[in-house]
Amino acid sequence: MKRFPAFDPPEYVDWKPDPSLVRAFRAAVAADPDRARVVAALSTDRKLELYAGLLRARLHDIQLKRWVRTGVISKAWLGTGEEAATVGPVHALERGRDVVAPMIRNAAACCEMGMSLADMLRAYLGCADSPSHGRDLHVGSFAHGVLQPISHVGDMVPVIAGIALTFKMKGEPRVALTWVGDGSTKTATAHEGTNFAAVQKLPAIYIIENNQVALGTRLEQHHLPGDFREWPASYGVWGAVFDGNNVLDAYAATRVAAERCRAGQGPALLVAETFRMGGHATHDEREARDTLPAELFARWGKRDPIGLYEEYLKEEGEPASRLVEVETSVTAEVERAAAEAIASRERMPQGVTALAGVYANGGR
């Protein structure tokens with residue numbers, strides 16, 4: 001894809017494929033028979049949909065960063081480098097049936113579940129016609145199966161457990177999924193929700209998105225084991241680790257988990273190994289570079305999830321011209337959405353609307 005020197009992490013600007021990482025990308029999927037089966041069943045069109053999803057996620061974040069640099073908004077929370085850990089799992093679910101609760105870094109879950117990109121951008125602008133009517137930059141739409149997230153990390157774990165419980169009680173073959181940051185695993189709500197889902201054998205999928213840092217706290221400063229491979233066993237549930245920078249591995253691992261959930265085999269705890277290629281938000285990127293070793297950025301920068309997937313698709317026989325067509329289409333989609341969102345600034349919410357939707361009908 002096109003690189004943006006003003007907005008991309010420096011490691012992505014002149015990105016070149018590392019042959020050993022390209023081979024590892026393919027080997028990661030082939031190593032597990034169940035995941036290999038899932039990927040083998042993907043049509044070319046479905047693989048290109050995954051590619052479009054990755055591009056959509058990256059370009060959405062670049063648009064937000066452009067707005068920050070030009071003073072349209074003050075800051076933004078991005079998922080740069082972690083796109084595959086969001087796009088793969090969402091595409092593994094059934095749109096119109098399943099439910100997801102993204103963290104703010106998983107914003108791409110919204111558009112990949114069918115929400116409007118313009119609505120996602122409107123949320124940052126606080127427009128009256130944004131999904132939350134100007135109340136919150138967190139975005140969601142239950143009609144699209146997306147719960148609007150909250151910033152209290154880990155709190156969506158018990159909420160998803162509750163939704164999965166309703167699926168079980170109604171006998172519906174549906175799945176509820178949320179992501180949990182490595183830092184969020186230390187919260188009581190995350191533990192309680194996971195344990196409840198395990199004991200009740202609920203159709204819930206929890207993805208621990210281990211991006212190596214919790215706000216500004218490095219993984220080794222808050223998690224002694226060094227990884228989360230043993231966590232599923234500690235709750236007595238099925239689990240697996242997948243490459244969070246490999247969209248096919250993320251897709252396949254989640255698809256297998258969802259199949260188990262629909263078959264009544266209880267929840268799944270997946271671990272996505274990835275890395276946050278920027279700051280906690282756009283205002284502290286320099287702090288991130290000072291907090292984390294440069295070697296981490298260099299190593300994970302070579303594993304750009306979009307670049308590696310492009311190389312995979314080319315090896316599969318997909319012509320470069322077809323990839324350019326997809327990118328051109330997605331770029332136009334994001335540009336249209338940005339223009340629509342900016343136009344919505346003419347419709348900012350009136351102060352009196354702050355009281356609407358707060359109380360139940362007849363409440364005081």
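Heavy-atom basis, side chains included; hydrogens, waters and symmetry copies ignored. All of these numbers come straight from a predicted model, not from anything done at the bench.
- The shortest side-chain heavy-atom distance between Thr291 and Arg218 falls under the 4.5 Å cut-off.
- Residue pairs meeting the salt bridge (charged side-chain N to carboxylate O under 4.0 Å, His left out) criterion with at least one member in residues 291-306, sequence neighbours excluded: Arg3-Asp304, Arg58-Asp304, Asp243-Arg303, Glu295-Arg299.
- Between Glu333 and Arg56, at least one side-chain nitrogen of the basic residue sits less than 4.0 Å from a carboxylate oxygen of the acidic one, meeting the salt-bridge criterion.
- With salt bridges taken as basic N to acidic carboxylate O contacts below 4.0 Å, none links Glu285 and Arg276.
- For the residue pair Glu82/Asn106, the side-chain donor-acceptor check at 3.5 Å is not satisfied.
- Ionic pairing of Glu315 and Arg26 is present here: one or more N-O contacts between side-chain nitrogen and carboxylate oxygen are shorter than 4.0 angstrom.
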Determine, step by step, whether Asp182 and His222 satisfy the side chain to side chain donor-acceptor pair (under 3.5 Å) criterion, reporting the C-alpha distance in whole Å, the side-chain angles of both residues, the deciding distance to 0.1 Å, and the verdict.
CA-CA 9 Å; Asp182 53 274; His222 72 82; 2.9 Å; yes

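- For the residue pair His91/Glu49, the side-chain donor-acceptor check at 3.5 Å is not satisfied.
- When atom types are taken as modelled, the side chain of Ser344 and the backbone of Arg347 share no donor-acceptor pair closer than 3.5 angstrom.
- A cation-pi contact, defined as under 6.0 Å to the ring centre and within 45° of the axis, links Arg289 to Phe297.
- Side-chain contact of Lys186 with His191: a donor-acceptor pair under 3.5 Å is absent, judged by distance alone.
- Between Tyr309 and Tyr312, the ring-plane angle classifies as parallel under the 30° and 60° cut-offs.
- For the 3.5 Å distance criterion, the side chains of Arg23 and Ser20 fail to qualify, holding no donor opposite an acceptor.
- Checked options Leu137, Thr282, Asp61; the residue passing with Trp77 is Leu137 (criterion: side chain to side chain contact (heavy atoms under 4.5 Å, CB included)).
- At a threshold of 4.5 Å between non-hydrogen side-chain atoms, the residues Asn210 and Thr274 do not count as touching.
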